[in-house]
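Below: one structure, written as structure tokens.
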Amino acid sequence: MSTTTNDHGHGHDPNRPKHLAHHFESLGQQFDSGKLGIWVFLLTEVLFFSALFVAYTMYRSNYPEVFQYASQFLDTKMGAINTVVLLLSSFTFAWAVRNAMLGEKSKLMLNLLITLVCAGGFMGIKYVEYSHKFHEGTLWGGNESTIFKADPADVPAEMKEHSSAWNNTDGKYSVAVKDLDPAFRQKVGVFFGVYFCLTGLHGIHVMIGMILIVWLLLRTRRGDFGPTNFNAIDFGALYWHLVDLIWIFLFPLLYLIT
Amino acid sequence: MAPSTNSLDRTNYLNATKGFRSWFMTIDHKRLGLMYLWSVIGCFILGGFFAMKIRWTLTPGVTDFMTQTVEQMNAYNNAFTVHGAVMIFLVIIPSIPAALGNFVLPIMLGVKDVAFPKLNRLSYHLWLIGALLFVATLFIGNLDTGWTFYPPYSTGHTDVSVITAVLGAFVLGFSSIFTGLNFIVTIHKMRPPGMTWFKMPLFLWAIYATAIIQILATPVVGISLLLLLVEKTMQIGIFTPALGGDPVFFQHLFWFYSHPAVYVMILPGMGVMSELFATFSRKPIFGYKSIAMASIAIAILSFIVWGHHMFVSGQSETMSVIFSALTFSVAVPSAIKVFNWIATLYKGSIAFTTPMLYGLSIIWLFGIGGLTGMFHSTLGTSVHLHDTYFVVAHFHFVMVGSALFGFIGGIFYWWPKMYGRMAEGALSKWGCLLSFVGFNMTFLPLFPAGSRGMPRRYAGYTEAAGFDSYNMAATVGAVVLAVGLCMALYSLIRSLKHGEKAPANPWGGVTLEWQCTSPPPEHNFDIDPPTVDDPYDMTLVEWRGQEEGFLPKNPRSDDPCIADIQKA
């Protein structure tokens, strides 16, 4: 019976571009689909972060003075440097998209590499910030070595000894944590809960972005991208811009409360 | 002789490649749809087992409420939690969109696959991981939080099994998001020439509305569950009152997803029904545009009514009043659909096939399920009925009576397309009838039981409370329902070997999936692209006898099957 059952539209057209998937009619359709797909995905990402932004808004509007107080334990200088680093990385990634469109392979490699280095730098600075907080005990309320316990007796002795936040050793802070009202001190712990969740989730997204960039670098080296095929670079850049954008919101919301 | 539009003896998507890998690592939407289908059925049996365990515990005379042990009560808590979580996350949410939707959607659009086939495969693999985590939960501990995982209990006293369960639900969320994303892009970008938005089959409208909810609501529950995990493992403090957090905040986040999620469950069922009623009434669907728009309206309204789950949570009264009023509005698009279906039946030439019997059952079941929903949007009544069996009966009428029956109806409707065999017969019809009777016997008595104060999630009741007769009826009904469902499943499995070979279009549907052979070839169509016409103009096809089923009145000369028939 029929021999045409199973062989249509599949590998018989010599003019069909190699990177056009079997189920699309044209490169245009493939690109448009990918573009819509990545935008919808970014929408889900925004919503994924939304609950934490709502948590932030709710606790901040309920306890504005807590947030104002707690914010001074964050290192504004580090945060600012990280903002610049991420903005730079977004710029180089956007440039990389242009490189891909023009088929400039070596520039594409270079720009992706700079983006990757910036991302690594961001995580490095984040690591320094985090370890400082673990050292100081400026952690969320349920952590064993946090100094934000309602009852001072629950705060570990070693923290009481060396934490400059607890004692306000350098006089850097408006009030020493040990002198706070117990309920107030507990709410500072909630601030740090929100802080670690927001920046932690953002950090995970940066790391996923780094994996993505490495993958794009390998594909670039293989010569995958060119004027008719730059979808992956374009969509990766969109993801990276969103990760950058989220940080643009996080930095003032967390670090710059006055 | 087999009908020539049946391709069981030729190369089709089922036999094109063989072996475990060819299925497990496939990117073919049809194979993925089938794997979803059987996985969902497997989970349904698991969830059904726990349902029977609940029913057995509550049967009068089986356990004595006053003297039962803590272990027995814990086991009961575990049973209703696992039943709820498995049925919701693993069965109803993926049932129609992921199983039937995956199979049918690209064929209805006349394309070879969804927009992102590899993402589609990833969805299924994520679903499997989620399912395995749930199964692991059964062995790790005694999950007893209820499917809602409310803190502070879930993040405090209960054991670690909540971690695997929540992680499972989190992973399943991503599976659901990716499916929704895939469908949205496919519908937007891959509709064939001539298929404008208002020439799309209504099933696609329903799936589209569902996908909107999936992508907008599921990320929110994703992050909520992630925060719950962090809370449980690291005591982060956002939800735990002992650390200054707010447990009601979790309820808001949870219901912001979980209320829309009930429309993820029901909307696709409504889509199936629109197809069934048009095809089996041999009439164009009544009020096409209003049904399509009602789907979208339900999707939008679903996001602004979640507060009706929290009338007794201590949220502000103003908020409760607003949520109550908004909740009523959902009744409007729902009723529009029902009236349109009834108008479609009116003066139709109704064929009482198995899928249609499920469809007709749903009018009754959804009628009751929907109208009792109004009791819960009415603020004062809702407070009275809160956490009683009235609620349980209401949502079972919607989730099981409407969504699940829609799923089963859809399976019988598209079964010939999936396997090239008919599962039609006395057995399948009796299965539907018994399910319908059994379902009503189980859940109708629970309305009066609930309104007379029988609380849900209690491991029993005393004889003096007067709930014995309701529960006896429910238990008997549950057995009848189980028998009916088993008959349906058996008739499906039996047909795989013994069913009559199905022609391309056994029912006379006009949507595109009836143009390709049964089962379809690997890339769905022999002709490229298929002819797009009004999806509900029943005059486009004509009955050509048992053998050939329905065929297009104006067949295309380039269709190899049609050409064959004409030669003969």
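Below, chain A is the first sequence line, B the second, and so on; all start at residue 1.
- Ranked by heavy-atom pairs shorter than 4.5 Å toward chain A, the options Pro106(B), Gly245(B), Pro117(B) are led by Pro117(B).
- In this structure, Pro219(B) and Leu47(A) approach most closely via the heavy-atom pair CB-CB, 3.8 Å.
- Here CD of Gln235(B) is found 10.5 Å from CD of Glu144(A). Values are rounded to the nearest 0.5 Å.
- For the pair Leu181(B) and Phe41(A), the minimum side-chain heavy-atom distance is below 4.5 Å.
- For Phe174(B), the part lying near chain A is the side chain, with the backbone staying farther off; criterion is any non-hydrogen pair under 4.5 Å.
- Closest of all the heavy-atom pairs between Ala115(B) and His23(A) is O-NE2, 2.8 Å.
- The closest side-chain heavy-atom distance from His523(B) to His22(A) is below 4.5 Å.
- Contact of Ile215(B) with chain A is made through backbone and side chain together, with heavy-atom distances under 4.5 Å.
- Proximity to chain B (any heavy atom under 4.5 Å) is shown, for Val54(A), by both the backbone and the side chain.
- Proximity to chain A involves both the backbone and the side chain of Leu216(B), based on heavy atoms less than 4.5 angstrom apart.
- Ranked by heavy-atom pairs under 4.5 Å with chain B, the first of Gly142(A), Gly141(A), Gly193(A) is Gly142(A).
- Heavy-atom distances place the side chain of Leu201(A), and not its backbone, under 4.5 Å from chain B.
- Of all the listed residues (Lys187(A), Lys35(A), Gln186(A), Gln30(A)), the one sharing the greatest number of non-hydrogen pairs under 4.5 Å with chain B is Gln186(A).
- Only the backbone of Ala242(B) has a heavy atom closer than 4.5 Å to any heavy atom of chain A.
- For Phe178(B), the part lying near chain A is the side chain, with the backbone staying farther off; criterion is any non-hydrogen pair under 4.5 Å.
- Annotation: Tyr127(A), atom OH; neighbour count of heavy atoms from other residues, nucleotides and ligands within 6.0 Å does not exceed 12.
- How far OG of Ser33(A) is from CG of Asn182(B): 10.0 Å, rounded to the nearest 0.5 Å.
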Evaluate Phe24(A) against Met190(B) for side-chain contact (heavy atoms from CB on, under 4.5 Å), listing each step before the verdict.
CA-CA 8 Å; Phe24(A) 286 120; Met190(B) 297 176 77; 3.7 Å; yes
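- For a residue to count as touching a neighbouring chain, one of its non-hydrogen atoms must lie under 4.5 Å from one of that chain's; by this rule Val111(B) does not touch chain A.
- A heavy-atom distance below 4.5 Å is found between the side chains of Tyr59(A) and Ile238(B).
- Contacts between Leu243(B) and chain A at a heavy-atom distance below 4.5 Å involve backbone atoms as well as side-chain atoms.
- For a residue to count as touching a neighbouring chain, one of its non-hydrogen atoms must lie under 4.5 Å from one of that chain's; by this rule Val114(B) touches chain A with the backbone only.
- Atom CG of Leu253(B) is separated from atom CG of Leu52(A) by 9.0 Å, given to the nearest 0.5 angstrom.
- Annotation for Trp39(A): atom CH2 does not count as buried by contact number, only 12 or fewer foreign heavy atoms lying within 6.0 Å.
- Rounded to the nearest 0.5 Å, atoms NZ (Lys189(B)) and CG (Asp32(A)) are 4.5 Å apart.
- Of all the heavy atoms in Trp140(A) and Met234(B), the pair that sits closest is NE1-O, 2.9 Å.
- Contact detail for Val230(B) and Cys197(A): the closest heavy-atom pair is CG1-SG, 4.5 Å.
- The distance from the NZ atom of Lys112(B) to the CD atom of Glu25(A) is 6.0 Å, given to the nearest 0.5 Å.
- Taking 4.5 Å as the limit, every side-chain heavy atom of Asn143(A) sits out of range of all side-chain heavy atoms of Ile236(B).
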